[in-house]
Amino acid sequence: MAAKAEPIGPRNGHELAPLNTRADGSERPHGVTIVLQGSRNSLQRDAPEEDRAAWSGKLQFFLSIIGYSVGLGNIWRFPYLCQQNGGGAFLIPFFIMLILEGIPLFLIEMAIGQKMRLGSLGVWNTIHPWLGGIGIASCVVTLFVALYYNVIITWVFFYLFNSIRLSADQLPWAHCPQDNGTAEAECTKASATVYYWYREALDASPSIEEPGAPRWWIVLYLLLAWIIVFFIVMKGIQSSGKVVYFTSLFPYVVLTIFFVRGITLPGSADGIIHMYKPKLHKLLDPTVWLDAATQVFYSFGLAFGSLIAFGSYNTPNNNCVRDVLLVSVCNALTAIYASVVIFSILGFKAYTMVEKCITKEIKVLAMHHIGGFMLNSTQEYYEEQYPNLPNNVTSALNLTGCAMSKQLDEAAEGTGLAFIVFTQAILKLTPAPFWSIIFFLMLLSLGLGSQIGIMEGMLCTIFDIDFFKRFSKPVITGFVCTICFFVGLIFTTGAGEYWLKMFDSFAGTIGLVVIALLEMIAVIYIYGHEKFSNDIYEMTGYRPGLYWQITWRYVGPFIVSCILLSSLIFMLLNPPTYGAWNAAEGRVEKTPYPSWVLGIAVAMILAGVLPIPVVLLLRRFQCLALDVDIHQGSIRRIETTVSTKEMMSDQDVISPESAPPAQLLPDAAAKFTIGDFDGVDSSDERPTRLPTSIVRRPKK
């Protein structure tokens with residue numbers, strides 16, 4: 001019975017035509033259908049796919065990577081780690097971990113994405129179908145991080161718009177409220193900047209179990225943040241690539257402005273010296289090395305899938321090795337440069353606080369006629385005489401001894417540094433509103449640059465799933481941003497900062513480290529380090545040497561394993577806590593998480609890890625349908641008959657360049673139905689032959 005040929009139309013490249021039917025519908029006694037499909041419907045091995053997005057130029061790619069990897073952590077995390085872990089001595093473990101861990105894993109993600117021209121899900125499916133869960137896990141973790149990262153941008157918007165004032169006195173965090181009530185008492189016990197952060201900006205609740213209703217002003221700023229993110233990423237790199245020129249370059253402009261102003265301020269040198277004065281004995285502390293390894297891991301944004309996505313938009317002959325080295329050096333130098341800028345300003349803040357402290361203590365000593373102090377005594381006299389005062393006198397008068405080192409030792413990181421410590425320092429600069437505006441514009445640029453990369457990694461994975469290809473990118477992006485906005489409303493309540501701390505501690509830690517470890521194992525031990533090295537050689541002309549082989553195969557996995565084990569041990573030995581705002585005392589108190597919140601935290605960790613073993617088991621026992629793209633012009637043999645078996649065992653040469661243009665369907669795989677060379681057509685009894693440009697006869 002003759003089979004009716006179906007019309008050839010847009011398909012996914014996996015359909016099988018009937019073996020006894022030609023493409024034109026006529027019957028053939030024996031035949032074979034070959035389905036050809038390159039990655040993204042291309043038949044050319046070295047040409048980029050027709051519908052695969054691509055960078056408009058090298059500068060756009062470089063700025064996108066810089067904007068993604070250089071983020072808020074370079075501003076408010078790295079300076080804190082330097083200060084706490086040996087000052088300048090911390091740079092030693094930092095650069096060692098950068099060389100042994102960061103750069104090798106960075107190149108793995110960039111090169112594998114560039115080679116396969118696929119997102120995270122497609123890459124791991126292609127290496128081995130059982131590894132498809134890595135791409136899903138990466139997407140889940142990225143979603144969690146995107147949820148709370150945009151909340152930080154929301155807070156930046158709040159401070160940015162409230163910085164639009166005419167003078168320092170008009171900045172809302174410059175003074176305590178004058179209401180002679182509880183608000184004034186709360187502010188007096190804390191400070192104006194601390195009060196403004198916890199009461200005016202967040203309206204913080206007493207605990208995570210008493211969140212209250214969403215704060216309407218935070219809801220509006222969160223909506224604004226997600227609308228902006230949507231318009232930036234709605235068309236992929238075609239839209240986000242234009243924004244990176246601002247988000248990547250503007251922070252360097254602001255840092256340079258602050259640097260020029262900062263080094264001219266009194267006390268800036270003390271701040272920088274305090275920051276980078278090496279304390280070599282700290283190198284004997286293993287936690288210092290662990291902090292360095294962790295900072296390197298997170299500062300590059302590894303395991304999110306974003307670097308794989310960025311690499312997939314490159315041309316196949318792009319020199320990814322050079323790109324990785326340039327971005328790595330730029331990232332490290334930016335962190336050091338930002339630390340100098342931050343501590344030059346904090347040194348000035350400490351200088352002003354010391355002056356205020358000395359004036360106050362001189363007044364106390366003069367009123368009690370101690371040590372020859374008078375109301376007009378100078379700061380030099382105080383610094384000379386204070387060490388000679390008896391301890392019982394200083395204790396009785398509650399004198400602290402005003403020293404720069406004590407002020408600079410009061411370290412802060414994260415939101416505490418950006419929204420409390422630095423805002424207080426800005427009040428001392430003239431004109432304060434100008435410095436406040438450009439500072440928060442810089443944080444906004446850094447935040448958006450990283451958020452663009454985070455969203456690109458997640459959306460690229462979604463776009464690579466066949467089901468979602470029927471929808472346009474703006475539709476999918478809008479749907480994702482809408483879901484993220486409504487889930488993110490939990491961060492707009494009075495317990496919003498507490499929830500953000502929990503997400504930051506659990507959602508993006510264990511899962512990312514597990515993914516990174518499996519990525520290295522998958523590429524180096526399953527895909528094969530020799531094959532991977534050959535891929536890099538084909539793309540760049542550079543063959544990875546001994547350094548790359550050792551770090552990929554041994555050192556890198558060992559360091560990432562140490563990070564994973566130490567993180568798990570730390571969580572088990574130290575019950576997680578968060579800083580709850582105590583309004584009555586005007587200070588933050590360490591509070592343990594309730595058990596139900598820890599249950600949510602464990603669920604988030606499992607959600608970011610379980611897709612890996614679940615997909616492996618489902619595909620191992622054939623419970624999950626396998627749908628892997630055929631790319632790079634490979635040929636999949638469907639079936640052979642007796643007359644074609646010998647021909648198919650030989651290497652067939654398919655020449656897309658010489659094939660008729662009608663064969664190249666824009667929305668479908670190219671199909672060639674090959675019949676028996678020696679067979680006789682049933683309609684005209686003439687031998688059937690194919691063009692030699694399409695099929696080469698087997699050797700006799």
Side-chain angles (χ1 to χ4, degrees), residues 39 48 52-55 57-71 98-124 126-127 134-135 138 142 237 240-241 244 248 296-332 449-450 452-454 456-457 460-461 464 512 515-516 518-524 527 529 531-545 547-549 551-552 556 560:
S39 180
R52 185 68 179 177
W55 303 107
K58 190 68 177 179
L59 181 60
Q60 186 186 76
F61 161 72
F62 189 75
L63 291 179
S64 297
I65 293 290
I66 290 295
Y68 168 66
S69 60
V70 177
L98 180 70
I99 294 171
L100 298 181
E101 170 208 4
I103 296 177
L105 187 51
F106 194 2
L107 180 58
I108 285 179
E109 295 200 5
M110 286 289 294
I112 203 70
Q114 179 175 312
K115 172 63 180 177
M116 298 190 176
R117 311 298 306 281
L118 295 169
S120 180
L121 182 61
V123 163
W124 306 119
T126 303
I127 289 178
I134 297 179
S138 177
T142 303
I237 62 171
S240 64
V244 296
S248 300
V296 167
F297 179 84
Y298 291 113
S299 66
F300 278 110
L302 300 170
F304 283 99
S306 303
L307 296 175
I308 295 176
F310 284 154
S312 70
Y313 302 138
N314 277 322
T315 57
N317 60 348
N318 175 65
N319 193 335
C320 54
V321 178
R322 179 188 59 198
D323 294 339
V324 165
L325 295 177
L326 287 176
V327 173
S328 301
V329 172
C330 186
N331 193 339
S450 296
I452 289 171
I454 292 171
E456 189 62 45
C460 182
T461 301
D464 278 344
L512 285 178
I515 293 169
L518 292 179
E519 283 182 356
M520 301 187 81
I521 294 174
V523 174
I524 303 305
Y527 185 75
H529 67 91
K531 184 177 181 182
F532 184 58
S533 299
N534 290 333
D535 289 342
I536 293 177
Y537 178 72
E538 291 177 2
M539 293 187 294
T540 67
Y542 167 78
R543 186 174 299 278
Y547 157 71
W548 297 104
Q549 301 299 330
T551 53
W552 283 338
V560 175

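In this structure the side chain of Leu107 reaches within 4.5 angstrom of the side chain of Trp552, judged on heavy atoms. For the pair Pro316 and Gln114, the minimum side-chain heavy-atom distance is 4.5 Å or more. At least one side-chain heavy atom of Asp323 sits less than 4.5 Å from a side-chain heavy atom of Phe61.
The aromatic rings of Tyr313 and Trp55 sit perpendicular, their planes meeting at an angle over 60°, well past the 30° parallel limit.
At a cut-off of 3.5 Å, with distance as the only test, no side-chain donor of Tyr542 or Asn319 sits close to an acceptor on the other residue. If you check the side chains of Asn534 and Arg543, you find a donor sitting under 3.5 Å from an acceptor.
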Test side-chain contact (heavy atoms from CB on, under 4.5 Å) applied to Tyr68 and Val327, step by step: CA-CA 10 Å; Tyr68 168 66; Val327 173; over 6 Å; no
From CA spacing to verdict: side-chain contact (heavy atoms from CB on, under 4.5 Å), Val321, Trp548: CA-CA 11 Å; Val321 178; Trp548 297 104; 4.3 Å; yes
Evaluation steps, side-chain contact (heavy atoms from CB on, under 4.5 Å), between Ser533 and Gln549: CA-CA 9 Å; Ser533 299; Gln549 301 299 330; 2.8 Å; yes
Test log, rule side-chain contact (heavy atoms from CB on, under 4.5 Å), inputs Met539 and Asn318: CA-CA 6 Å; Met539 293 187 294; Asn318 175 65; over 6 Å; no
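Residue Lys58 places its NZ atom among more than 12 non-hydrogen atoms of other residues, nucleotides or ligands, all under 6.0 Å distant. Shown here is Tyr547, whose OH atom has more than 12 heavy atoms of other residues, nucleotides or ligands within 6.0 Å.
Rounded to the nearest 0.5 angstrom, Ile515 CD1 and Thr142 OG1 are separated by 7.0 Å.
Of the residues Leu302, Ile308, Ile112, the one that meets the side chain to side chain contact (heavy atoms under 4.5 Å, CB included) test with Glu519 is Ile308.
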